[in-house]
Amino acid sequence: MSRIFITGSTDGLGLAAARTLMKEGHDVVLHARSRERASAIAEISSTALGLVIGDLASATETRSIAEQVNAIGRMDAVIHNAGIYLERSRGETPEGHAKTLAVNVLAPYLLTALITRPDRLVYLTSGMHRSGNSTLDDIDWKKRPWNASQAYSESKLYIATLAAAIARHWPHVLSNAVDPGWVPTKMGGAGAPDDLEMGHLTQTWLAASDAGGAKVSGGYWYHRQRREAAGDVGDPGFQDALVEKLAQVSGVRLFEGRP
């Protein structure tokens, strides 16, 4: 059985993935944004391997999350599930970043760099990534007028690209991006038309299954089917430019040996 850490596992897809993996016998480390949020999952956290607490909008708290996970021990897989959708304004994190960028991109980037490297990494993206702008000169929305939908789309383009870059740079790690579809979670809304179960079962399959189809890297997945991502995602030049930009913004370098 595997040790698996899941960000944003107090509700929605993250909680569903945690319940599924624990039912299958895996050791799961849960994540809550705050102690108040953690109280909502007291029943499941009592049987989990661990529970870490920290707000992904804060780089300091994100670093603390990584430290808490590493203190528990090396994970076999990490599911970067947490995310936010349409923020009404750019917001301002403690480090001065746009909240959508901080939670959806910088936090998983930092956790990837700081958590002891697992065998498998799963990143949640969205079909909206295809509307993302691949120009990287203002990823933090300091110059442009705020556009919530565009910011979200770009964040999901970046996270799908990060997954692909990791697959290329770390060949011994299985790194994949998952589009769960528009599912009826708190984020997606009650009227969302996609299958909630398939939305989280793709994550758990890629994180823990021994089936040959799941033991691949560099894929973009929807309901356990491999799909074509936007062209920029698979472009090594864009991958490296993005990773370099994230290193500059976060102050943390992901891949060794790069300038």
Side-chain angles (χ1 to χ4, degrees), residues 4 6-9 11-18 20-21 56 77-87 100-101 103-109 111-112 120-134 139 148-168 173-209 211 213-235 238-239 242 246:
I4 302 168
I6 308 172
T7 65
S9 39
D11 60 16
L13 291 169
L15 179 58
T20 295
L21 289 166
L56 294 171
V78 175
I79 300 176
H80 292 281
N81 164 81
I84 55 177
Y85 188 33
L86 301 180
E87 290 292 296
T100 298
L101 179 74
V103 175
N104 290 3
V105 186
L106 294 178
Y109 173 86
L111 292 177
T112 300
R120 305 189 193 195
L121 289 162
V122 179
Y123 299 86
L124 258 69
T125 181
S126 164
M128 288 177 67
H129 85 277
R130 295 184 176 87
S131 300
N133 187 337
S134 61
I139 68 170
S149 178
Q150 187 64 27
Y152 178 78
S153 295
E154 289 178 11
S155 76
K156 292 306 179 180
L157 171 63
Y158 301 155
I159 205 66
T161 302
L162 178 63
I166 290 166
R168 182 165 62 89
V173 175
L174 303 181
S175 174
N176 291 280
V178 173
D179 171 8
W182 182 12
V183 292
T185 60
K186 184 170 65 177
M187 179 187 290
D194 271 327
D195 187 327
L196 177 61
E197 186 172 10
M198 285 306 297
H200 80 267
L201 289 181
T202 306
Q203 301 179 46
T204 60
W205 180 66
L206 288 168
S209 175
K215 298 178 75 172
V216 298
S217 194
Y220 174 84
W221 297 85
Y222 172 79
H223 292 189
R224 293 195 185 178
Q225 298 294 317
R226 198 157 178 170
R227 298 286 180 87
E228 286 293 323
D232 289 319
V233 171
D235 178 359
F238 180 65
Q239 292 172 14
L242 172 66
L246 295 178

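Along the sequence shown, residues are numbered consecutively beginning with 1.
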Ignoring hydrogens, what is the shortest heavy-atom contact between [X] and [Y]? Give both atom names and the distance.
X	Y	value
Thr7	Leu56	CB-CD1, 4.4 Å
Thr100	Glu87	OG1-CG, 3.5 Å
Pro180	Val178	CD-O, 3.4 Å
Arg120	Lys215	NH2-CG, 3.7 Å
Ala160	Ala177	CA-CB, 4.1 Å
His200	Thr20	NE2-OG1, 3.0 Å

Problem set entry | From CA spacing to verdict: side-chain contact (heavy atoms from CB on, under 4.5 Å), Ser149, Leu86 | CA-CA 6 Å; Ser149 178; Leu86 301 180; 4.2 Å; yes
Side chains of [X] and [Y] in contact at under 4.5 Å (non-hydrogen atoms):
X	Y	value
Thr161	Phe238	yes
Ile79	Leu21	yes
Leu121	Val173	yes
Lys156	Asn104	yes
Glu154	Ile139	no
Val105	Leu246	yes

[X] [atom1] to [Y] [atom2] distance, which is reported to the nearest 0.5 Å:
X	Y	atom1	atom2	answer
Leu106	Tyr158	CG	OH	10.5 Å
Ile159	Leu124	CD1	CG	9.5 Å
Thr204	Ile4	OG1	CD1	8.0 Å

Within the side chain of [X], is there an N or O that forms a donor-acceptor pair under 3.5 Å with the backbone of [Y]?
X	Y	value
His129	Ala229	no
Ser217	Ser175	yes
Asp179	Tyr222	no
Asn176	Val216	yes

For this session: Just say parallel, tilted or perpendicular for the rings of Tyr123 and His80, cut-offs at 30° and 60°.
Result: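 The rings of Tyr123 and His80 lie parallel, inter-plane angle below 30°.
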For this session: May I ask you to decide if the ring planes of Trp205 and Trp221 are parallel, tilted or perpendicular, using 30° and 60° as cut-offs?
Result: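 Rings of Trp205 and Trp221: perpendicular, over 60°.
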Exercise. Thr125 and Tyr220: side-chain contact (heavy atoms from CB on, under 4.5 Å), yes or no, with the steps?
Worked result: CA-CA 9 Å; Thr125 181; Tyr220 174 84; 3.4 Å; yes
Problem set entry | Working for side-chain contact (heavy atoms from CB on, under 4.5 Å), residues Val78 and Leu111 | CA-CA 9 Å; Val78 175; Leu111 292 177; over 6 Å; no
